[in-house]
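Here is the structure we will look at, set down as structure tokens.
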Amino acid sequence: MTRRITDAAHLERLRAELQAARDPARSAIAVCAGTGCVAYGSRKLAAAFRDAVTARRVDVEVRATGCHGFCERGPLVVVFPSRIFYQRVQPADVEEILDRTVAKGEVIDRLLYADPTTGRKYVHEDEVPFYAHQHRLILGFNGKIDPESLDDYVANGGYRALARTLTSMLPEQVIEAVTKAGLRGRGGAGFPTGRKWALCRQALGNPKYVVCNADEGDPGAFMDRSVLEGNPHGVIEGMILGAYAIGAHEGYVYVRNEYPLAVERLSLAVEAARARGLLGNNILGRDFSFDIQITRGAGAFVCGEETALIGSVEGNRGQPRFRPPYPAQSGLWGKPTVINNVETWVNVPLILDRGPDWYAGIGTAGSKGTKIFSLVGKVNNTGLVEVPMGATLRHIVFEIGGGIRDGRAFKAVQTGGPSGGCLPAEKLDLQIDFESLTAAGSMMGSGGMIVMDDRTCMVDVARYFIDFLLEESCGKCVPCREGLTQMSHLLHAITEGRATDETLASLEALAPVVQDASLCALGQTAPNPVLSTIKYFRDEYLAHIRDRRCPAAVCKSLITYTINDKCTGCMVCARQCPEHAITGERKKLHVIDPAKCTRCGICHSVCKFDAVDVR
Amino acid sequence: MSATVEPTCDLTKLDPILARYPAERRSLVMVLQDAQKTYQYLPRPVLERIAEALKVPRSHVYHLATFYKAFSLEPRGRHICTVCLGTACHVRGALRLVEHVERRAGIKAGATTPDLELTLETVNCVGACALGPVVIVDGEYVGSATTTKLDKALKGIVKGAVEEQQA
Amino acid sequence: MIVNINGRDLLASPEETLLQVARRNGIPIPTLCEHAGLEPWGGCRLCVVEMTRGGTGPVRVVPSCLQPVEDGLRVETHTPRILRIRAVLLDLLLARTPDARRIQELALEHGVKRTSFVPRRDPDKCILCNICVRACAAVGADALGTAGRGAAGRISLPFGDDASACVGCGACALSCPTGAIEMTDRGSERRIWGRTFQRLPCPSCGAPTLTREHAAHLAGRSGLPAESFGACERCRREQASRLFLDLVGK
């Protein structure tokens, strides 16, 4: 089973055998095993399916797949060959699914996805609006293949690009193809990948290295995690191709420590690739050798910055250094190094498999291909979304995301993580690509997209990001370390009702210095969330400063909780209040003592009658 | 996830870890990670032994270990409760959950109860954003977490959680 | 190659940084984390300058201590934007270390009398410029480092108290721009980092010189006998000039 694949022809024979062995009419149950679904119990669910199938002695394949992206509705199940799509499936549903759907082809209505606004139900995965409006070039693999099976990847066309490249292309031609495809780095800055590779290939110095940056640190972004967990071989194949192009024989994947499942799946995939001769010496019988080592991060956001990442791999504190020299000239151990992020690497096999012209036909003039966004926050359908570059924010938030939760009003969407900004409703028709987002005062970043409604306070969001970055600042340079300390003081003054107009002026004066003078991108972009919220939501800042009021009712120092006449006197809030600030008799209106209330919000969250007001 | 605190620190447990990696500076982060898994935290003698074995200065080991958030130089609790403070969790009220556990356990985030029962940690995004707010109790994810769900997950770990449930 | 700084065309060699070229030509640029004999660090950012490539490119703000020269660079060291950055940085540092003389002086030179920011609660004099750590590493003792990170970082011994690697050379204290590291020399006794060292007498004049541990450390690194490091600075210079005169005399 773990026989070495000797050459390209052997790989194709294997692929043909694997495909022939697959009976498209065979019943199969695909259970999503992404982190989201696992959190909702998909492992137990898959085990229940396996047990039931064994007990019944029926010929049904139970397959664990990578993340389907619609995490919020997990655990997700797709029944083959009918492709019937069930959501929020529990072990209790297993027998019924086998009895009715697998055996008779019937649809179980209650397990179908129902659109939260229209109530319409959908039978197949690709009809669900969340999926129907996407272009899942990369995420498509996740739902199809078992991430722990190399054969599954091969059967789905895996390593075909590698075989073809190694047998028919010179390294320079690979770089040319990637350049022609117009691929740009998905880690945030959008640097042209082909140009980076060419620089590294031309750089003097040996050995050379390729690195996969899987230190996905932007809070609210998890596309790299999903790709690593769902399609690790795609990333590995991309890295092998990159190594061939620049002339490297060693590669490193730097994975976040917070992603244990990704580390596990990637390690398995590397071992499998090694056992089959797709990593190691003389790959596919050619005069090219390459291997990959996995390095785990240790909880430092700044290590997503490439020079800090290099420092961390070398066994140092992850502190960035000045560029030039760029890693392509002098990277890991001072040697020429190409660093690309997960999503960039996984695009490479697609480009070489289907050709640069095909790839360049997707997207906008300056940004090619698709981009995966993690659509989260106050939106109806949360999960991973893949769209061609140039899709509008409205398309993503409303058509794919199904609009705002609880029928509330859209206020803003935050893109680009802590380096990005908040875009208001008037930017909803913006066509998203690297340039347009930057021009609007935000950033592509790694693809986090956090939707905010009228109950999200924009000053609080700005404060959140500054405090986040202050905690993650490495401390090397003064503007980032001391500048963010002071920006945090200023923002806390605003959210805590201690600010004057001067506070806002100081914030606006300090921000450009932090941008101009900081050493690395962490500091240089840190003021973006503040500046973009001041730009688009200045009124909200002024409400905090001049009226001592938080319009979204979020900032604790500026809000009060009161009980309205919907109160039925059920006493639940009074019992739960940790400060015993709520008094009232059973079946009588309760009252909150503002002097005792610490505004923890528990009463608001436990009240079933919407009787607790916050303003 | 078993979480037992080492009363004494048995340095021989380091040997298999050190044997796994080349005795160089570049192995340091990995060795520290494995050591933390073994000892639950990084006791001083462990760090000193690692410095010696990898032939790096003690200052380097100590200062690297204090740089990364994943490493703890203080003993940690038998149970670990990690509240995600990623953006998606933040806008869905994760801070309230931190405050809730702080009140229940009588400790601040980042601290361990005096009886070494519980460590309350926060993390800047575990990448389970669609489930926000997310809390991880001993490796188990609690998605769309509420104070009630948390009390249930912490039952038997934090005294208050049980009492309040019964009240 | 030629770089233009403040309107002057200046000759430069490729391995130089902008700061070196500027200094060589008498153009003052303030620095705090830069120290002769140590690799540039690029942390204090006071040395930032405006730089344009080929006269037409975008204006970039770069640290002159790290920016290598390129032919045709146009550099401005004292534009309003740069002066504003330096003033704000010093304002920030003053909030961190209100009692550090060097920071007070530099701030005043940039028009900052008092900090406009929130002062640090328990201030010390350390600005985290890392000179001490780099000096210690250069000496080879590696006894120091930064514990923690970001604004919470602080210069410390391993575990806060392990001075066993310290050789008492004093490089950290002597190179600190703000006098944040305490070192007292009384007679032949040196106290630093909680330890007391004995300084060896100079074989020629008897004045206390380097510590016993420092001499042993240098001997260990160089393979030369410890005695060869014993001479005090003055005597060593005299010996050297005598040697030089002897050589020239021949």
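Proteins get letters first, then strands, A, B, ... in listed order; numbering begins at 1 in each. From a predicted model like this one, the values you see are computed outputs, not experimental measurements.
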Taking atom [atom1] of [X] as the centre, report whether more than 12 heavy atoms of other residues, nucleotides or ligands fall under 6.0 Å from it.
X: C:Gln198; atom1: CD; result: yes
X: B:Arg44; atom1: CZ; result: yes
X: C:Arg221; atom1: CZ; result: yes
X: C:Glu189; atom1: CD; result: yes
X: B:Glu140; atom1: CD; result: no
X: C:Arg237; atom1: CZ; result: no
X: B:Arg26; atom1: CZ; result: yes

How about [range] versus chain B: which residues have heavy atoms under 4.5 Å apart?
range: residues 165-184 of chain C; answer: none
range: residues 126-151 of chain C; answer: C:Asp142, C:Ala143, C:Leu144, C:Gly145, C:Thr146, C:Ala147, C:Gly148, C:Arg149
range: residues 152-163 of chain C; answer: C:Arg154, C:Ser156, C:Leu157, C:Pro158, C:Phe159, C:Gly160, C:Asp161, C:Asp162

Inset, instruction - Enumerate by number any residue of residues 49-67 of chain B whose heavy atoms lie under 4.5 Å from heavy atoms of chain C; in the absence of such residues, state 'none'. - result: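 Heavy-atom contacts from residues 49-67 of chain B to chain C are B:Pro57, B:Arg58, B:Ser59, B:Tyr62, B:His63, B:Thr66, B:Phe67.
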